[in-house]
Amino acid sequence: MNRSRSQELYERSRRLMPGGVSSPVRAFEPYPSFIQRASGSRLYDVDGNELIDYCMGFGPHILGHAHSAVVKAVQQQAERGTLYGAPTELELRMAETVRRCFPSMEMMRFVSSGTEATMHALRLARGVTGRKLIVKMKGGFHGAHDSVLVKAGSGAATHSAPDSAGVPEEAASNTLLAPYNDIEAVESLLLSNKGRVAAVIVEPVLGNIGPVEPDEGYLPRLREVTEEHGALLIFDEVITGFRLSMGGAQSRFNVRPDITTLGKVLGGGLPIGAFGARAEIMEKVSPLGPVYQAGTFAGNPLSMAAGLAALKELGSVGHEGLERKGQVMRSQLAALLREHRLPFQVAGVGSMFQIFMVDRPVRDHRDAMAADAKRFMRLFHALLERGVYIPPSQYETCFLSTAHSDEDINRTVNAYDEALEAIQ
Ligand SMILES: *Cc1c(COP(=O)(O)O)cnc(C)c1O
């Protein structure tokens, strides 16, 4: 595959932008593919290569790229203006739509990214409870801000350490870590920090370490123990919201969190985030309450118009096709792994999937981290060479869209077949 124009653009970009990218997950060795345009299930790079895309912008494009209903909504709105600094009927209609799908979000606020949504959700939880500590799961990702960029502390320390230079130890130390799918670990943190934990934040299905499903009963038990200890339960549904069902993971698994964060699919491919909860909690947000939040582009008309159009379309198309395609993809990949006698795992749920290059089922970050991430990158390149673009990391999730055809899936499975052979 000729990628010389991408290489050329990368050489220029890396002098001006760290790694030549605007977000680190987009970078891969020796240089990323620069994209010129996209349509449906396809990306077209600057060298004219056509790629079947399973990165899908890292999740938002559940209808595929440049869906006609979304494009039309954006064009119409752009002509009416893109930002007013004043409320719009679009936001109201979006809020009504979200509330219908997520009854737990009686009130909400729109922001511009998932990072903002979780940052403000955590501030809100602290503001409402008057408590300082939060619990997050190892391997859970909630955006790129101080309280969630943490890793396990050294030795027997129960408090965490910064997972990035520039995060103050004081900020990291207010975040406690538990393994995913380990309810006893959460319970014991809540017990040993009695009355001090404001919130437990969790991706109901992990998506940022590859897809990891909750064990039967894990989410309901999280609901019970947080309630017992007066800590708020935050479901970070930035990936799962509208992807696992119109009502997200909370509807699929029938567990009602206190606070929900949304993003990605919600914006129809434009920048967006949202956090919401029952009214008594959300009434603590400014200007009604003492918890401050603000944003110039928050609830901007373009994102609202794109999101409304996308959710309307998704609601009428439904999730059955996505579910079926996800099942077909996972079962075909599992069959390939058996044929190639590779002891790897196929993981995922709904329209999310991934191959974990590890010889045991992946239940938490430890299993995922045991995967052969280097070998995975050889798979990534072997797939790219064959016209299939997946996220360039073992620790990301592949996403199907309503635009992926059965023919796309057949071609993709054939590409995996050859790629798995090539990396033996
Ligand atoms: C992507 C993601 C975020 C961050 O959203 P951005 O829009 O990239 O800021 C937060 N939480 C989860 C679960 C995500 O997948």
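When a ligand or atom number is given, it counts from 1 through the structure's own listing order.
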**Prompt:** Which of the numbered atoms in ligand 1 are below 4.0 angstrom from a heavy atom of Glu203?
**Reply:**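 Within the 4.0 Å cut-off of Glu203, ligand 1 contributes 13 (C).
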Here the atoms of ligand 1 under 4.0 Å from any heavy atom belonging to Ile239 are 15 (O)
For atom 8 (O) of ligand 1, what is the closest protein heavy atom, and at what distance to 0.1 Å?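 Going by distance alone, atom 8 (O) of ligand 1 is nearest to Thr115 OG1, 4.5 Å.
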**Asked** Which protein non-hydrogen atom lies closest to atom 7 (O) of ligand 1, naming both residue and atom, and how far is it?
**Response**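 Ranked first by proximity to atom 7 (O) of ligand 1 is Gly114 N, 2.8 Å.
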Exercise. Answer with yes or no after comparing the ring centroid distance for Tyr292 and His120 against a 6.0 Å cut-off, counting only values under it.
Key: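 Here the rings of His120 and Tyr292 have centres that are no less than 6.0 Å from each other.
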### Message
Whether the side chain of Arg330 engages the backbone of Gly350 through a donor-acceptor N/O pair (distance < 3.5 Å, no angle test) should be reported.
### Response
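Between the backbone of Gly350 and the side chain of Arg330 there is a qualifying donor-acceptor contact (under 3.5 Å).
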Checklist entry - With no hydrogens and no angle check, is any side-chain donor or acceptor of Asn193 less than 3.5 Å from a backbone partner on Arg196? => result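 It does not hold such a pair.
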**Message:** Is the terminal nitrogen or CZ of Arg37 (NZ for Lys, CZ for Arg) located under 6.0 angstrom from the six-membered ring centre of Tyr44 and within 45° of that ring's axis?
**Reply:** yes
*What class does the angle between the rings of His404 and Tyr54 fall in, given that below 30° is parallel, 30 to 60° is tilted and above 60° is perpendicular?*
parallel
Any nitrogen or oxygen of Asp236, side chain or backbone, less than 3.5 Å from one on ligand 1?
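N/O-N/O distance under 3.5 Å: yes.
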I want to know if ligand 1 touches Asn208 in the polar sense, i.e. an N/O pair below 3.5 angstrom. yes
Worksheet item: With a 4.0 Å cut-off, would you call Arg221 and Glu224 a salt bridge?
Response: yes
Heavy-atom contact check, 4.0 Å cutoff: does Lys264 meet ligand 1?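 Checking ligand 1 against Lys264, which is what was asked, there is a heavy-atom contact under 4.0 Å.
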The answer for which part of Glu237 has a heavy atom under 4.0 Å from ligand 1 is neither
